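This report concerns only the one structure given below.
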Amino acid sequence: MNSFEMEESNDKQLLLAQKFSSFVNSHKSFYFTEDEYEDIIEYFKLHNNKELYYKSIIAANNQYPYNQEFKYFQIEYFLENKQYSEAQEYLQKSLGCLFDEKNKIYYQAAIFYCTGHQDNAEALIKSTGIEGIDDFGEFYTELGELFMDIKRYDLAIEAFSSAYLENHEYERLCDIFDASFEDIETFKEANSFDFLTEKLPFDANVWLKKYEYCLSIFDYEKALEALDFSLALSPDEYLELKKVALLVYLERYSEAIKLFEQLNHDIRDEDETLYCDEFYVVSFAYFKLKQFEKAEYYAMEDLRLNKLESNATAILLSDIYVKTGKRAKAKNILFDLLKKEEENIDILFRLSEIYEIEGNMNKAIEMMLKLLKNDSSDVNNFLRLANLYFQINLLSKAIRTLEESSNIEPTNANIHYSLAAYYLLQNKKDLSVKHLNYALNLSPSKFHTLLDIFPEALQIEEIRTCFHKNNLRI
């Protein structure tokens, strides 16, 4: 169906739904064809209008009592709303009207699943001998699709897993992946691939899909474990590169580089695009290991292969240049990026840092002010701006900056320790003690923030008294 036909279909459904709603509200009698009812039911379901969804199903069944599809809609409605006894009762009442034996088994099995009687469902499916249920993988797949439709993602995963055990079709693993993402919080803890890895411990595809799922929920430890199993069962150079990336995510930089340097790089000559996605993490690992020459090389390779479109790599390259004293090159990169992304806070932050290193405090402050104009959610950026003001003796501006940030995050101890230091430098001891007491209440272990700004603070009697009252011995 092309986009025009789709729009036309949607308009038709909307008009029919409005017409049905109008008749229901006016209590007038009405008539719709079977095809029109299907459009009406689908519309109300899609738009989550439970009342009219249910009423349209009832009306369709009343007008067409021998239409099997409408009876299926009714059963699915009960299942979706967890009215399992009503679903069972309705199925029993409708058996005489349901001519498709496969669907009788299908809905009975679905009810068994929904009520926690999977063994009964399994026995029913496997013992019927009815034509059309000989492909159990397909049957379980259809059940999984029904459970997706009624938002029982846990049951969908069970059904798709059973389907995979029957026919080993890779698409079922993709279905499990998709179902898991529909209820991500549940399946973070109870990994949806654990059942299959226990049942099929030598199936490389299952381990590979588990790796992809764990990676997508940022569980890098489990992702690495699954990838190792997959590689043991089916070695693959490309997946070895993925392992390099995982080791970097886990901050195991030396291991990542050791593995990367062991790989057969002849493959890169055949198809270097296999490598291009991983050059950024390789460069990052070398950067963390302070091997800046190799870090620069792989960052440049990444930019070459990605046609200079990788902003993350360009920013990393600027960091490499800063570390190697090539600040002019770093600034050129960052200003080029800033032309495309004027509000990018990572770029503005790095420019501020470079200007601070160069002693150009006014430009460093300018960059931080632009950053905070675009994003004022992170109080650490206020703390940095305040510190820049402090370095050029603009204490009043430093204090105003921190007072503003305390409105965003009033229980941030570092803000109050910093305010205590700055007020002390202004000889406003009462305000200093007020903020120090509050900070010590919040987090006594962070008192060094005060001393980092004003190391002589402990020589002042009011400050020593404040520490003693809070039972802190320095």
Side-chain angles (χ1 to χ4, degrees), residues 68-69 72-73 75-76 78-80 82 84 87-88 91 98 100-184 186-217 222-223 226-227 229-230 233-234:
Q68 295 186 84
E69 288 298 320
Y72 302 151
F73 282 138
I75 296 169
E76 288 175 22
F78 285 136
L79 292 177
E80 186 173 355
K82 298 181 171 58
Y84 304 131
Q88 183 68 71
L91 178 61
L98 300 177
D100 188 328
E101 292 297 322
K102 179 183 174 183
N103 279 330
K104 292 179 186 178
I105 304 303
Y106 174 74
Y107 284 105
Q108 183 60 69
I111 293 168
F112 279 145
Y113 260 97
C114 289
T115 52
H117 297 101
Q118 277 84 340
D119 289 344
N120 290 353
E122 182 93 5
L124 178 66
I125 294 166
K126 295 289 179 74
S127 65
T128 58
I130 294 171
E131 187 179 348
I133 312 185
D134 51 338
D135 184 345
F136 296 123
E138 183 181 341
F139 193 83
Y140 282 121
T141 299
E142 290 175 6
L143 274 176
E145 289 167 351
L146 169 62
F147 295 138
M148 289 291 286
D149 202 38
I150 65 172
K151 299 178 175 60
R152 283 299 306 270
Y153 305 116
D154 55 332
L155 298 180
I157 288 167
E158 284 188 46
F160 289 138
S161 297
S162 294
Y164 187 78
L165 288 173
E166 292 291 337
N167 56 24
H168 293 261
E169 289 181 350
Y170 185 75
E171 288 80 0
R172 300 297 77 76
L173 297 178
C174 299
D175 290 334
I176 294 169
F177 188 100
D178 293 341
S180 303
F181 258 89
E182 293 292 344
D183 191 3
I184 194 76
T186 298
F187 298 111
K188 267 185 181 177
E189 296 302 319
N191 192 291
S192 44
F193 288 93
D194 286 347
F195 171 76
L196 284 179
T197 54
E198 287 174 17
K199 289 282 186 182
L200 302 169
F202 301 108
D203 188 321
N205 282 334
V206 173
W207 286 109
L208 180 58
K209 207 65 188 175
K210 181 175 180 177
Y211 146 74
E212 292 175 1
Y213 177 69
C214 292
L215 182 65
S216 67
I217 60 172
K222 285 185 179 176
L227 184 57
F229 273 108
S230 181
L233 293 162
S234 179

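Note that these values count all heavy atoms, side chains included, but never hydrogens, waters or copies made by symmetry. Treat the numbers as computed from the prediction; the structure is a model and nothing was measured.
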Quiz prompt | W207 and F229 aromatic ring geometry - parallel, tilted or perpendicular at 30°/60° bounds | solution = parallel
Quiz item: Heavy atoms, side chains only, cut-off 4.5 Å: are S162 and F136 in contact?
Solution: no
Quiz item: Any side-chain heavy atom of L196 sitting closer than 4.5 Å to one from L165?
Solution: yes
Exercise. Kindly determine whether Y170 and K209 satisfy side chain to side chain contact (heavy atoms under 4.5 Å, CB included), including the steps that lead there.
Key: CA-CA 9 Å; Y170 185 75; K209 207 65 188 175; 3.5 Å; yes
Self-check item: Y72-Y107 aromatic ring centre distance below 6.0 Å
Solution: yes
Exercise. Hey, can you tell me if F139 and Y106 have their rings parallel, tilted or perpendicular (30° and 60° cut-offs)?
Key: perpendicular
Exercise. List the atom of F160, the atom of T141, and the distance in Å for their closest heavy-atom pair.
Key: CE2-O, 3.5 Å
Quiz item: Rounded to the nearest 0.5 Å, how far apart are CD of E171 and CG of D178?
Solution: 11.5 Å
Quiz prompt | Under 3.5 Å donor-acceptor, S230 side chain and L227 backbone | solution = no
Quiz item: Can you name the closest pair of heavy atoms from A156 and A179 and give their distance?
Solution: CB-CB, 4.3 Å
Practice problem: For residues G137 and A163, report the shortest heavy-atom separation together with the two atoms involved. | Solution: O-CB, 3.4 Å
Quiz item: Is there side-chain contact between L208 and Y211, with at least one heavy-atom pair below 4.5 Å?
Solution: yes
Self-check item: Heavy-atom closest contact (D194 atom, T197 atom, distance)
Solution: O-OG1, 2.9 Å
Quiz item: Does any non-hydrogen side-chain atom of Y140 lie less than 4.5 Å from one of I125?
Solution: yes
Quiz prompt | Value rounded to 0.5 Å, distance of CG in N205 from CZ in R172 | solution = 13.5 Å
Quiz prompt | Side-chain touch D149/E76, heavy atoms, less than 4.5 angstrom | solution = yes
Quiz item: Would Y153 and S180 satisfy side chain to side chain contact (heavy atoms under 4.5 Å, CB included), going step by step from the backbone distance to the final call?
Solution: CA-CA 7 Å; Y153 305 116; S180 303; over 6 Å; no
Quiz item: Do Y84 and Q88 meet the criterion of a side-chain donor-acceptor pair at a distance under 3.5 Å?
Solution: no
Practice problem: Verify the ring-centre separation between Y164 and H168: is it less than 6.0 angstrom? | Solution: yes
Self-check item: NZ/NE/NH1/NH2 to OD/OE distance under 4.0 Å, E182 and R152
Solution: no
Quiz item: Which value, rounded to the nearest 0.5 Å, describes the distance between D119 atom CG and F112 atom CZ?
Solution: 11.0 Å
Quiz item: What heavy-atom pair brings A109 and L143 nearest, and what distance separates the two atoms?
Solution: CB-CD1, 4.2 Å
Quiz item: Below 4.5 Å, heavy atoms only, C-beta onward: do I150 and C114 meet side chain to side chain?
Solution: yes
Quiz item: Would you call S192 and K210 a side-chain contact if the rule is heavy atoms closer than 4.5 Å?
Solution: no
Quiz item: Distance from F181 atom CZ to I176 atom CD1, nearest 0.5 Å?
Solution: 14.0 Å
Quiz item: Is there a side-chain contact between Q118 and L155, using heavy atoms and a 4.5 Å cut-off?
Solution: yes
Exercise. Apply the test side chain to side chain contact (heavy atoms under 4.5 Å, CB included) to residues F193 and L173: give CA-CA distance (whole Å), side-chain angles for both, the deciding distance (0.1 Å), then the verdict.
Key: CA-CA 9 Å; F193 288 93; L173 297 178; 4.2 Å; yes
Quiz prompt | Minimum-distance pair of heavy atoms, taken over all atoms of E138 and N167 | solution = N-ND2, 4.2 Å
Exercise. Test N120 against Q108 for side chain to side chain contact (heavy atoms under 4.5 Å, CB included), laying out the working first.
Key: CA-CA 10 Å; N120 290 353; Q108 183 60 69; over 6 Å; no
